[in-house]
Amino acid sequence: MRTARLTLDGNDYELPVFEGSEGEVAIDISQLRAQSGAITYDPGYGNTGACKSDITFVDGEKGILRYRGYDIADLAAGCQFSAICYLLIWGHLPSAQELARFRDAMRAEALIHEDMKKFFEGYTTAAHPMAILSAMVGSLSAYYPDVVTDDDLDRNIIRLLAKSKTIAAFSYKKSIGQPFVYPRNDLGYASDFLHMMFATPMEPYAVPPAMAEALNMLLILHADHEQNCSTSTVRMVGSSGANLFASTSAGISALWGPLHGGANQKVIEMLQRIAEDGADYEKYLALAKDRDSGFRLMGFGHRVYKNFDPRARLLKSAADKVLEGLGVQDPLLDIARNLERVALEDAYFVERKLYPNVDFYSGIIYRAMGIPLKMFTVMFALGRLPGWIAQWKEMNDDPNNRINRPRQIYMGQTARSVTPMDRR
Ligand code: ACO
């Protein structure tokens with residue numbers, strides 16, 4: 001067996017080494033504390049493998065992203081998002097019959113319980129749709145609490161996928177004070193979502209095929225990304241035995257942050273600010289390089305990708321196509337392109353290997369589709385749902401799963417006593 005040797009205070013410890021199917025090397029330190037009393041220290045978990053997984057492979061140096069072995073570019077060219085959900089969650093691309101059954105099951109679950117509509121009444125129209133989504137998804141567990149068999153779980157998985165789409169669209173309708181539009185059984189996932197967003201009780205909405213196609217691709221590109229912040233959150237919460245809805249709700253909250261899925265909203269806010277300030281993108285590049293400015297180039301940089309983000313490449317070319325297909329001209333797209341061009345030539349960004357990430361161009365496409373800014377991170381969440389579900393399920397199916405419980409190195413006060421003076 002291959003091992004690594006660690007020497008600590010003159011003592012040698014042999015640590016098992018294993019390899020993943022793509023040759024990634026891991027040193028198994030799970031027994032290190034029991035053997036030596038020491039733990040490892042890795043803030044931000046940049047070097048910590050928290051699980052073994054069969055779902056998604058990312059090679060950040062080579063810019064590779066694969067779901068269950070399939071390259072993301074292959075999947076994004078022509079697959080339906082529902083087939084990708086199936087692939088991620090159940091491990092293989094569905095046959096025509098499996099896909100038809102899965103779609104029928106999702107359609108049957110697309111409505112939310114009528115009582116849940118009352119929840120929306122409690123929010124102001126200013127409520128951020130991510131706050132609503134996370135609360136509503138957590139609340140689904142109040143309606144579908146019992147999972148005894150694998151079939152129960154499969155039904156809850158389908159409910160989560162189908163009802164989140166309806167909740168997301170309803171949260172938008174709430175924000176603009178319009179009545180909810182119910183799902184339609186004759187539409188695919190992306191088209192149905194757009195119908196619920198843009199139809200009104202007075203007027204149906206004919207979903208432009210270019211828009212449905214673009215949304216389908218965006219959802220696929222966001223569908224999983226191994227152990228990112230929100231997915232690790234879903235696994236962390238789920239490791240305690242928390243149900244699928246509760247764990248996913250936590251993942252939605254983690255995704256909301258501007259350093260993660262919230263970046264897609266922040267990118268557009270940044271581009272708007274630059275546009276209003278005379279499109280002087282060089283000035284903002286300088287600000288991003290100045291640590292004291294507190295300004296970062298949103299949509300740039302990634303913990304794993306150090307060469308390029310394959311999703312950003314696909315989205316950059318899709319942005320041109322979609323805007324043309326929809327007949328939309330957006331000055332923010334030019335600013336984004338210029339910003340990317342100068343950043344990629346700048347020593348600061350080159351040395352730190354900072355490239356556009358998935359959020360850099362996705363917002364431009366959402367804007368062209370008429371999706372409002374506050375909904376951008378919700379769109380990301382809808383796309384990421386199958387990944388969270390697949391990872392939660394994989395963890396629960398693993399007989400070696402233990403509650404996640406990192407350690408710490410305590411750096412605070414050593415033991416001291418409360419004096420009589422302190423007792424007030
Ligand atoms: N603009 C300017 N400088 C940056 C940026 C940026 N967007 N990103 C990283 N840097 C700099 C840091 O200041 C740091 O510089 P230093 O070495 O001089 O201290 C160096 O690059 C490394 O950055 P870290 O923050 O240590 O990298 P980390 O891996 O922890 O963070 C992250 C990755 C959060 C994505 C970061 O690049 C960032 O904040 N980007 C902007 C927000 C964003 O787009 N997030 C979406 C990520 S994709 C996703 O979650 C879907």
Side-chain angles (χ1 to χ4, degrees), residues 41-48 56 58 60-61 63 65 67 72 130 218-234 251-274 281-316 332 335-336 339-366 373 376-388 391:
Y41 176 62
D42 183 21
Y45 308 127
N47 287 290
T48 296
T56 291
V58 177
E61 302 301 326
L65 168 58
Y67 300 158
I72 189 65
M130 281 297 275
L218 277 156
L219 293 170
I220 292 174
L221 295 184
H222 286 86
D224 194 44
H225 212 242
E226 48 118 310
Q227 306 312 315
N228 56 86
C229 174
S230 56
T231 303
S232 301
T233 302
V234 170
I252 293 169
S253 299
L255 186 75
W256 195 1
L259 298 187
H260 192 13
N264 59 12
Q265 178 176 337
K266 294 291 169 198
V267 169
I268 295 297
E269 285 168 0
M270 172 188 79
L271 294 175
Q272 277 169 336
R273 182 173 154 195
I274 298 173
Y281 47 87
E282 302 269 8
K283 171 178 156 188
Y284 286 87
L285 203 68
L287 270 180
K289 294 192 288 182
D290 174 5
R291 263 179 161 238
D292 299 330
S293 71
F295 178 84
R296 276 196 166 194
L297 209 53
M298 299 313 285
F300 253 75
H302 198 276
R303 173 61 62 79
V304 179
Y305 292 121
K306 298 298 174 196
N307 201 336
F308 67 93
D309 179 339
R311 302 165 302 173
R313 275 206 176 160
L314 292 166
L315 283 174
K316 185 179 178 183
L332 296 195
I335 294 178
L339 207 50
E340 180 189 353
R341 185 178 43 78
V342 286
L344 292 183
E345 287 163 3
D346 191 291
Y348 175 96
F349 290 87
V350 173
E351 277 160 21
R352 289 168 181 76
K353 301 189 172 190
L354 302 171
Y355 295 85
N357 60 49
V358 68
D359 293 318
F360 197 65
Y361 284 105
S362 61
I364 305 264
I365 305 181
Y366 291 138
L373 196 54
F376 285 12
T377 314
V378 170
M379 307 305 297
F380 193 149
L382 282 186
R384 185 54 56 86
L385 270 177
W388 290 331
Q391 302 269 352

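Nothing here was measured: the structure is a model prediction, and the numbers come from that model. All ligand and atom numbering here is 1-based and tracks the order in the structure.
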- [ ] Return the residue, atom name and 0.1 Å-rounded distance of the protein heavy atom closest to atom 9 (C) of ligand 1.
- [x] L354 CD2, 3.5 Å

Open item on the list: At under 4.0 Å between heavy atoms, is it the side chain or the backbone of D359 that contacts ligand 1, or both, or neither?
Closed with: side chain

Task: Part of N357 with heavy atoms under 4.0 Å of ligand 1, whether side chain, backbone, both or neither - done: side chain

Task: ligand 1-proximal atoms of F360, by part, heavy-atom distance under 4.0 Å - done: neither

TODO: Look at atom CG of N47 and say whether more than 12 heavy atoms of other residues, nucleotides or ligands are closer to it than 6.0 Å.
DONE: no

TODO: Starting from atom 1 (N) of ligand 1, find the nearest protein heavy-atom neighbour and note its residue, name and distance.
DONE: L297 N, 3.1 Å

Open item on the list: Within ligand 1, which atoms have a heavy atom of G299 less than 4.0 Å away?
Closed with: 43 (C), 44 (O)

- [ ] Quick one: look at K289 and ligand 1, take heavy-atom pairs under 4.0 Å, and tell me if it's side chain, backbone, both or neither.
- [x] neither

Open item on the list: Below 30° counts as parallel, above 60° as perpendicular, anything between as tilted: where do the rings of F380 and H260 land?
Closed with: perpendicular

Open item on the list: At under 4.0 Å between heavy atoms, is it the side chain or the backbone of R303 that contacts ligand 1, or both, or neither?
Closed with: both

TODO: For Y45, look at atom OH and say whether over 12 heavy atoms of other residues, nucleotides or ligands are found less than 6.0 Å away.
DONE: no

TODO: Kindly state whether the ring of Y284 and the ring of F295 have centres lying under 6.0 angstrom apart.
DONE: yes

TODO: Give a yes or no on whether the ring-centroid distance for H225 and H302 is below 6.0 angstrom.
DONE: yes

Open item on the list: Need the ligand 1 atom indices (1-based, order shown) with element for anything under 4.0 Å from a heavy-atom of H302.
Closed with: 35 (C), 37 (O), 48 (S)

Task: Residues K289, D346: salt bridge by 4.0 Å N-O rule - done: yes

Open item on the list: Among all the protein's non-hydrogen atoms, which is closest to atom 42 (C) of ligand 1, and how far away is it?
Closed with: M298 CE, 3.5 Å

- [ ] Look only at the side chain of R384 and the backbone of G261, and say whether a donor-acceptor pair between them is shorter than 3.5 Å.
- [x] no

